[in-house]
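Within every chain, numbering begins at 1; the chains are lettered A, B, ... in the order of the sequence lines, protein sequences first and strands thereafter. Because the structure is a prediction, the values reported are computed rather than measured.
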There are 2 protein chains.
Amino acid sequence: MADLETSRSNTKDILRDHARRLFAERGYEGVSMRDIAGSVGVQQSAIYNHFASKQHLLVDLMVDHMEDLIRSMRAAVDFRATPREQLESFVRFHVNYQLDNPDALFIAYMELRSLEPEGRETVVVLRDEYELALRGILDAGDAAGEFEVTNPAVVARCILAMMTGVTVWYKETGPLGREAVVDVFAETILRSVGCSSATAEC
Amino acid sequence: MADLETSRSNTKDILRDHARRLFAERGYEGVSMRDIAGSVGVQQSAIYNHFASKQHLLVDLMVDHMEDLIRSMRAAVDFRATPREQLESFVRFHVNYQLDNPDALFIAYMELRSLEPEGRETVVVLRDEYELALRGILDAGDAAGEFEVTNPAVVARCILAMMTGVTVWYKETGPLGREAVVDVFAETILRSVGCSSATAEC
DNA sequence: GTGTCCGATGAACACTCGTTCACGGGGGCG
DNA sequence: CGCCCCCGTGAACGAGTGTTCATCGGACAC
């Protein structure tokens with residue numbers, strides 16, 4: 001229980017951190033308010049001083065995450081570069097972000113079903129915005145003749161699914177270094193759009 | 001509720017069908033025995049005439065599914081063919097199977113966390129067996145010089161994650177036909193291992 | 001016809017769920 | 001000092017959880 005209170009962490013942030021980890025581990029329905037409170041080391045009723053309900057807590061986590069994800073992605077990808085460079089930046093950013101924030105991304109993609117309509121709407125809009133950025137890169141590469149993608153919409157989703165699944169099996173302590181994993185993803189995905197880094201074509 | 005009893009469907013099978021759908025929709029923790037019973041149209045206590053507990057019901061669903069998946073995969077892939085042909089068969093089989101049985105596969109990959117240790121062990125062994133079949137194809141193709149895969153273990157998981165995600169977004173009623181989706185997957189994945197169907201290389 | 005057994009019932013068990021509320025302590029501001 | 005207002009407590013609420021059990025109808029074997 002209980003973090004040593006590093007720097008300026010108030011109860012609300014600590015609650016967020018523990019809730020995020022627990023939701024990712026056992027799922028929204030599998031975690032009780034008592035679990036969250038117990039993990040932090042407070043009473044269950046204390047949570048309601050910071051979040052109106054369990055549902056609001058989930059929405060708060062998901063929206064905060066999606067907004068940060070989109071902001072970070074925009075900072076990491078230079079949209080004036082060539083499609084090939086954009087795609088590689090996007091992939092390297094996403095896999096790294098995923099490995100830094102495995103729980104947040106996992107929740108955002110898995111717990112949509114646990115959201116009540118109004119919250120779901122908000123999150124879906126943000127998720128579509130992110131997906132559309134990748135799709136835009138594929139479209140541009142296709143139009144420029146750099147990529148060969150039969151169907152950008154489908155391929156975009158394939159690529160996201162592939163990358164989002166990484167946290168299910170990757171262990172930081174495993175035989176494979178993080179940089180190596182990122183490289184494999186970058187190469188595999190560039191290849192999948194007909195644009196290998198080893199090829200002279202690009 | 002209640003199916004009209006098509007052909008020879010007994011209560012146990014009907015329970016399985018409804019439980020599978022509900023688990024996939026709302027998650028194991030999000031579904032109560034009363035939900036399942038209510039969906040079928042019987043009392044909750046009737047379930048215990050067929051399954052010892054909710055946990056046993058989940059294990060039953062997952063093991064049955066994994067065994068059928070492996071059996072069907074072995075029947076669909078000709079392991080005497082070339083690695084390229086094997087991979088294409090595997091991908092086409094998996095995507096089709098996924099679209100035929102979206103709930104079962106989704107549960108098998110998502111609800112591992114809801115399994116108690118003994119059941120999880122059984123399912124993980126089966127899942128590894130399936131994954132290993134794909135990895136074997138990649139290894140063979142790599143050794144034969146047909147594929148270029150930096151790391152077969154990682155790429156195998158990437159491919160599975162990509163394919164397993166299809167049910168999240170694919171709608172049978174959407175603009176894209178099922179055959180078209182399968183084609184996109186086959187082409188994208190063959191490309192990702194450096195072996196495009198359009199290329200003379202293979 | 002009689003006996004057996006499978007399977008469904010509905011009430012009940014002890015427990016956990018999300019949420020509410022009256023209460024109190026302690027720090028900041030007038 | 002006196003006031004208020006965060007923010008925490010602990011007990012309680014009604015509802016829902018998985019599971020058990022005595023009971024009973026009806027199909028099948030002899």
> Rounded to whole angstrom units, what separation is found between the CG atom of A:L15 and the C1' atom of D:dG8?
12 Å

> Tell me whether the side-chain N or O atoms of B:S53 pair up with the base of D:dG18 as donor and acceptor below 3.5 Å, since no angle test is needed here.
no

> Please tell me whether A:R178 and A:N96 have a donor and an acceptor in their side chains that are separated by less than 3.5 angstrom.
yes

> Do the side-chain N and O atoms of B:Q86 and B:S89 include a donor-acceptor pair separated by under 3.5 angstrom?
no

> Which of the following nucleotides, D:dT19, C:dG7, D:dT9, is nearest to the side chain of B:M33?
D:dT19

> In whole angstrom, what separates B:L57's CG from D:dG18's C1'?
12 Å

> Please tell me which of A:H50 and A:R34 maps to the more 5' nucleotide of DNA chain D, matching each residue to the nucleotide holding its nearest heavy atom.
A:H50

> Starting at atom CD1 of B:I36, determine the distance to atom P of D:dT17, rounded to an integer number of angstrom.
11 Å

> Check every atom of D:dG8, D:dT9, C:dT19 against the side chain of A:Q43 and return the nucleotide holding the closest atom.
D:dT9

> Taking only Lys NZ, Arg NE, NH1 and NH2, and the carboxylate oxygens of Asp or Glu, determine whether B:R120 and B:E116 approach each other closer than 4.0 Å.
no

> Send over the distance from A:K54 NZ to D:dA15 P, rounded to a whole Å.
19 Å

> Would you kindly give the CD1-to-P distance between A:I14 and D:dC7, to the nearest whole Å?
13 Å

> In this structure, which one of B:Y97, B:F79, B:Y130 forms a ring pair (Phe, Tyr, Trp, His ring centres under 6.0 Å) with B:F90?
B:Y130

> Compare the minimum distances between each of D:dT20, C:dT19, D:dG8 and the side chain of A:A46, then state the nucleotide with the smallest one.
D:dG8

> Round to the nearest Å and state the distance from B:Y48 atom OH to C:dG10 atom C1'.
15 Å

> Does B:T11 have a side-chain nitrogen or oxygen under 4.0 Å from the phosphate oxygens OP1 or OP2 of C:dA8?
yes

> Could you check how far CD of B:Q44 sits from P of C:dC13, rounded to whole Å?
15 Å

> Whole angstrom is fine here: how far is it from CD1 in A:I47 over to P in D:dG8?
11 Å

> Can you find a donor-acceptor pair, distance only, under 3.5 Å between B:S32 side chain and D:dG18 base?
no

> Between C:dA11, D:dG10, C:dC17, which nucleotide has the shortest distance from any of its atoms to the side chain of A:D35?
C:dC17

> Could you tell me if B:K12 sits above the aromatic ring of B:F51, with its cationic atom closer than 6.0 Å to the ring centre and no more than 45 degrees from the axis?
yes

